[in-house]
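As a basis for the values below, the full set of heavy atoms in this structure was taken, side chains included, without hydrogen atoms, waters or symmetry mates. Read the numbers this way: they start at 1 and go in the same order the structure lists the ligands and their atoms.
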Amino acid sequence: MFSAEVLKRFDLNGPRYTSYPTADRFTPSFRAEAYGAALSGMASRPASLYVHVPFCRSLCYYCACNKIVSKSATVADEYLAVLAAEMALVSGAASKSKPRHPVVQLAFGGGTPNFLSVTQLSRVMRDLGEHFDLLPGREQGIELDPRFLDDAYVSALPGMGFNRVSYGVQDFDERVQTLIHRFQSFDQTAQAVKAARDVGINSISFDLVYGLPIQSRETFAATLERVLSLEPDRLALFNYAHIPERFKAQRRIPTETLPSIEQRTDLFLYATERLVDAGYLTIGLDHFAKPGDPLADAYQDGTLRRNFQGYSTHQSTDLIGLGVSAISNLNGVFAQNSPQIDVYRERITQGQFATVRGVTLSRDDEIRSAVIEAIMCNGGVDWAVIGERFNIDPAEYFDAAREPLERFAEVGIVTLNERRLQVTAQGKLLLRAVAMVFDAYKNLKREQVITFSRIA
Ligand code: SF4
């Protein structure tokens with residue numbers, strides 16, 4: 001393991017690079033018209049769809065997502081009407097003079113998608129089916145909060161096409177749960193897993209978080225053992241990033257209760273070792289999968305992709321995001337909807353896209369994106385592949401990266417030769433820092449961040 005000194009020297013909290021440029025580099029000068037033009041010129045290949053459901057019933061203090069805490073079911077009805085109008089707008093632009101755009105992958109995230117009732121969720125599926133060609137055999141997943149779930153809800157999912165579920169778990173220790181204001185018993189989670197398996201949903205993922213208040217190796221080990229007893233197919237192990245100046249809810253977590261960088265590193269390494277012992281394969285930065293899971297296969301054959309949901313097995317590069325704060329990535333642009341529900345509603349009801357920020361990718365962005373994705377997905381870069389794909393001499397193009405990479409090599413984070421940059425097994429913990437070497441925006445002032453993923 002690296003010394004604390006080495007870990008402190010390099011930035012452990014760099015971006016998770018679910019996109020490049022990262023969302024905090026999108027600019028307000030990117031106009032909704034540019035998004036419309038990108039949709040109109042979209043390739044006819046099947047796309048991925050993401051639907052953002054922003055509502056939650058209760059506030060978790062560690063949360064960095066775009067969400068609205070509410071107890072009212074009617075807020076969702078109003079939202080779904082706007083969402084349907086957005087589907088019509090988007091599909092109208094994407095399908096101009098073509099049939100409905102085909103969709104091979106569909107994901108619901110939030111917030112809490114199961115804030116929607118079964119009736120409301122069916123309504124979204126019906127609206128999606130009207131505006132898009134939802135291909136048979138598609139991958140269709142949903143993030144579910146086990147605290148607000150019953151068997152009847154889960155049993156309705158396969159009929160709507162869902163074949164994957166992801167459960168937020170975080171930590172089963174009650175003292176940790178009190179400090180993060182998320183009370184979720186092991187029994188609730190176990191019942192949610194059983195309910196999914198009983199109706200034939202055999203792809204179950206868990207999100208765990210390390211670096212939460214008062215977590216220790218002892219408490220986290222107990223959580224891990226309980227998690228392993230439920231045999232999830234996939235696990236994500238996110239590092240909690242405490243940024244109270246950006247995320248108001250985090251101000252309720254006393255900083256002095258947080259584990260030190262050494263403790264967090266120890267938690268991550270311990271959990272990795274335990275999961276590997278239990279037979280899981282490590283995937284990229286922070287994911288684990290059972291052998292034979294499509295994610296593990298994609299990692300092993302080098303076809304893994306990175307997107308806003310983390311890692312993906314899909315080669316489709318076109319992502320249409322629907323809903324407040326959702327990001328689309330298609331036809332050389334990133335476009336993000338307003339994170340403010342009033343602005344989102346107003347724009348869509350006026351028949352306009354709700355885009356408020358984005359970026360049109362330059363050639364340099366595309367080259368760097370390919371390198372960063374290779375580091376995040378495969379733990380290394382084959383320079384011949386990059387050279388051939390972009391018709392460049394990588395050594396010359398990335399001359400400025402040589403010196404920082406040599407510093408990484410000196411302490412064993414990477415190995416370097418003319419053909420390949422490889423992150424070592426130990427260096428995996430510093431994957432983000434290695435990717436940052438290729439980030440041309442890293443020294444520029446960041447825009448205000450609108451987060452999208454569960455953890456900053
Ligand atoms: S962590 Fe999930 S459930 Fe909790 S407030 Fe954030 S989005 Fe809602």
Side-chain angles (χ1 to χ4, degrees), residues 16 18 23 50-73 75-76 79 83 107-117 120-121 141-150 153-154 164-174 176-186 188-189 192-193 204-213 215 223 227 232 235-244 246-253 258 286 308-310 321-327 336-337 339-341 344 449-456:
R16 295 182 66 238
T18 49
Y50 172 80
V51 180
H52 192 74
V53 181
F55 308 107
C56 294
R57 289 193 180 84
S58 144
L59 177 69
C60 311
Y61 293 165
Y62 61 89
C63 183
C65 297
N66 187 279
K67 80 277 171 189
I68 297 163
V69 178
S70 174
K71 304 269 183 220
S72 152
V75 292
Y79 181 71
L83 196 61
F108 281 71
T112 307
N114 58 307
F115 185 93
L116 303 181
S117 66
Q120 288 169 328
L121 189 58
I142 184 164
E143 291 172 2
L144 296 171
D145 186 336
R147 296 174 297 165
F148 307 106
L149 199 62
D150 59 24
Y153 197 98
V154 179
R164 291 177 181 275
V165 294
S166 167
Y167 292 127
V169 173
Q170 337 307 330
D171 191 306
F172 286 126
D173 188 280
E174 284 176 15
V176 175
Q177 292 191 357
T178 302
L179 283 161
I180 62 173
H181 198 249
R182 181 174 174 121
F183 306 96
Q184 180 178 330
S185 71
F186 174 75
Q188 279 172 328
T189 309
V193 170
I204 297 175
S205 327
F206 280 6
D207 290 343
L208 302 179
V209 181
Y210 70 97
L212 292 175
Q215 261 179 346
T223 288
V227 161
L235 281 147
L237 191 55
F238 295 120
N239 180 13
Y240 169 60
H242 189 63
I243 318 176
R246 258 177 31 202
F247 306 114
K248 218 169 143 196
Q250 294 185 353
R251 291 177 201 162
R252 304 194 193 192
I253 295 180
L258 296 171
D286 45 20
F308 293 108
Q309 277 91 56
L322 298 167
V324 64
S325 80
I327 299 175
Q336 180 163 26
N337 280 347
Q340 290 167 287
I341 197 148
Y344 169 75
V449 179
I450 300 169
T451 51
F452 186 74
S453 58
R454 281 171 186 264
I455 304 296

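Considering S58, G111, G110 only, the shortest heavy-atom separation from atom 2 (Fe) of ligand 1 involves G111. In this comparison of G168, P54, C60, the heavy atom closest to atom 5 (S) of ligand 1 sits on C60.
Not a single heavy atom of Q170 lies less than 4.0 angstrom from ligand 1.
For ligand 1 and R182, the ligand atoms under 4.0 Å from any heavy atom of the residue are 3 (S), 4 (Fe). Numbered from 1 in the order shown, with element, the atoms of ligand 1 that lie under 4.0 Å from a heavy atom of Y62 read 1 (S).
Because its NZ or CZ atom is not both nearer than 6.0 Å to the ring centre of F183 and within 45° of the ring axis, R147 does not count as a cation-pi partner of that residue.
Scored by the side chain to side chain contact (heavy atoms under 4.5 Å, CB included) test, N114 finds T112, L144, D145, F148, L149, Y153 as partners (sequence neighbours excluded).
Distance check for C63 against atom 8 (Fe) of ligand 1: none of its N/O/S atoms falls below 2.8 Å.
Aromatic ring orientation, Y61 versus H181: parallel (interplanar angle below 30°, classes split at 30° and 60°).
For the residue pair Q215/Y240, the side-chain donor-acceptor check at 3.5 Å is not satisfied.
Side chain of E143 to main chain of G110: a donor-acceptor pair is present (N/O by atom type, distance under 3.5 Å, no hydrogens or angles).
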